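The first residue in the sequence is number 1, and the count goes up from there. In this text, all values refer to a predicted model and were calculated from it rather than measured experimentally.
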Amino acid sequence: MITRSLPYEGLLHELVEHNGVLYLGGIVPEDAGLDMTGQADDVLRQMKTLLEGAGSDLSRVLQVTIFVADLADKAAFNQVWKRYFPADHLPARAAVGVADLGPGIKLELTAIAARR
């Protein structure tokens, strides 16, 4: 099993592997001062980096859940999404509006991907 811990005092792992499936959880922007476009690029870049570090890549992503503080920001998120996920590989996806993700945080995502 692969795990990569976050600095949250041992409360969770940002990536866990089980039977060839990678589970990524709780990816938030590193800079909460960015607009939605910047935050979206940040979290998707982090997801790409985590997957590559675990022997996978974006083409192996099966499902993504996006938690959005303001559903009006979905259009801006989708513009960035298209740069990371071409039309010939679109994972299953859900977007959920939430009341609060933390100061300045506009989105958080989780994902499931296959290893190579």
Side-chain angles (χ1 to χ4, degrees):
M1 176 181 342
I2 296 171
T3 58
R4 180 173 163 183
S5 296
L6 284 172
Y8 295 114
E9 301 173 23
L11 296 176
L12 57 99
H13 297 293
E14 63 185 350
L15 183 142
V16 175
E17 185 266 340
H18 180 73
N19 290 337
V21 179
L22 301 169
Y23 299 87
L24 289 76
I27 301 173
V28 296
E30 294 174 339
D31 182 352
L34 298 171
D35 64 5
M36 175 53 96
T37 300
Q39 288 193 22
D41 188 60
D42 185 8
V43 297
L44 291 169
R45 178 193 48 76
Q46 287 182 63
M47 181 171 69
K48 180 179 185 285
T49 300
L50 283 167
L51 290 169
E52 289 171 352
S56 189
D57 59 47
L58 292 173
S59 72
R60 311 280 295 168
V61 175
L62 305 170
Q63 191 273 334
V64 176
T65 302
I66 307 146
F67 302 94
V68 185
D70 183 351
L71 287 172
D73 283 335
K74 269 182 65 177
F77 179 84
N78 287 336
Q79 291 305 311
V80 178
W81 177 266
K82 290 176 188 177
R83 293 196 315 254
Y84 286 85
F85 292 97
D88 63 344
H89 176 73
L90 295 173
R93 189 181 103 171
V96 180
V98 296
D100 184 22
L101 292 167
I105 297 175
K106 299 180 181 306
L107 77 152
E108 179 174 346
L109 67 79
T110 65
I112 300 170
R115 286 193 69 195
R116 287 185 209 176

First locate atom CG of Leu34, then atom NZ of Lys106, and finally report the distance between them rounded to the nearest 0.5 Å.
-> 9.5 Å

Enter the distance from Leu62:CG to Tyr23:OH here, rounded to the nearest 0.5 Å.
-> 9.0 Å

With sequence neighbours excluded, tell me which residues meet salt bridge (Lys or Arg N to Asp or Glu O under 4.0 Å) with Lys48.
-> Glu52

Are any of the side-chain nitrogens in Asp42 or Arg45 under 4.0 Å away from the carboxylate oxygens of its partner?
-> yes

For Asp41, what residues pass the side-chain contact (heavy atoms from CB on, under 4.5 Å) criterion, not counting sequence neighbours?
-> Val80, Arg83, Tyr84

Any donor-acceptor pair under 3.5 Å linking the side chain of Gln46 with the backbone of Val28?
-> yes

Check step by step if side chain to side chain contact (heavy atoms under 4.5 Å, CB included) holds for Arg93 and Val61.
-> CA-CA 10 Å; Arg93 189 181 103 171; Val61 175; over 6 Å; no

Residues passing the salt bridge (Lys or Arg N to Asp or Glu O under 4.0 Å) test with Asp70, sequence neighbours excluded, are none

Where Leu90 and Phe85 come nearest, the two heavy atoms and their spacing | CD2-O, 3.7 Å

Counting only N and O atoms by type, is there a donor-acceptor contact under 3.5 Å from the side chain of Arg115 to the main-chain atoms of Ala54?
-> yes

Within the distance-only criterion (no hydrogens, no angle test), does the side chain of Gln39 pair as donor or acceptor with the backbone N or O of Ala32 below 3.5 angstrom?
-> yes

Is it true that Leu107 and Ile112 fall in one hydrophobic cluster, defined by side-chain heavy atoms closer than 4.5 Å?
-> no

Do the side chains of Leu50 and Leu109 join up, straight or via other hydrophobic residues, at under 4.5 Å, putting them in one cluster?
-> yes

Mind checking the CD-CD1 spacing from Glu30 to Ile105? Nearest 0.5 Å is all I need.
-> 11.0 Å

Look only at the side chain of His89 and the backbone of Leu58, and say whether a donor-acceptor pair between them is shorter than 3.5 Å.
-> yes

Side-chain contact test, heavy atoms from C-beta onward, threshold under 4.5 Å: evaluate it for Lys74 versus Ile66 and give yes or no.
-> no

Do you know which two heavy atoms are closest between Val64 and Pro91, and how far apart they sit?
-> CG2-CG, 4.3 Å

Report whether Leu71 and Trp81 are members of the same hydrophobic cluster (ILVMFWY, side-chain heavy atoms less than 4.5 Å apart, transitive linking).
-> yes

Heavy-atom closest pair (Thr110 atom, Gly25 atom, distance to 0.1 Å) is CG2-CA, 3.8 Å

Minimum-distance pair of heavy atoms, taken over all atoms of Pro29 and Val43 = N-CG1, 3.4 Å

Is the shortest heavy-atom distance from the side chain of Leu24 to the side chain of Leu15 under 4.5 Å?
-> yes

Donor-acceptor pair, Ser56 side chain versus Ala114 backbone, under 3.5 Å?
-> yes

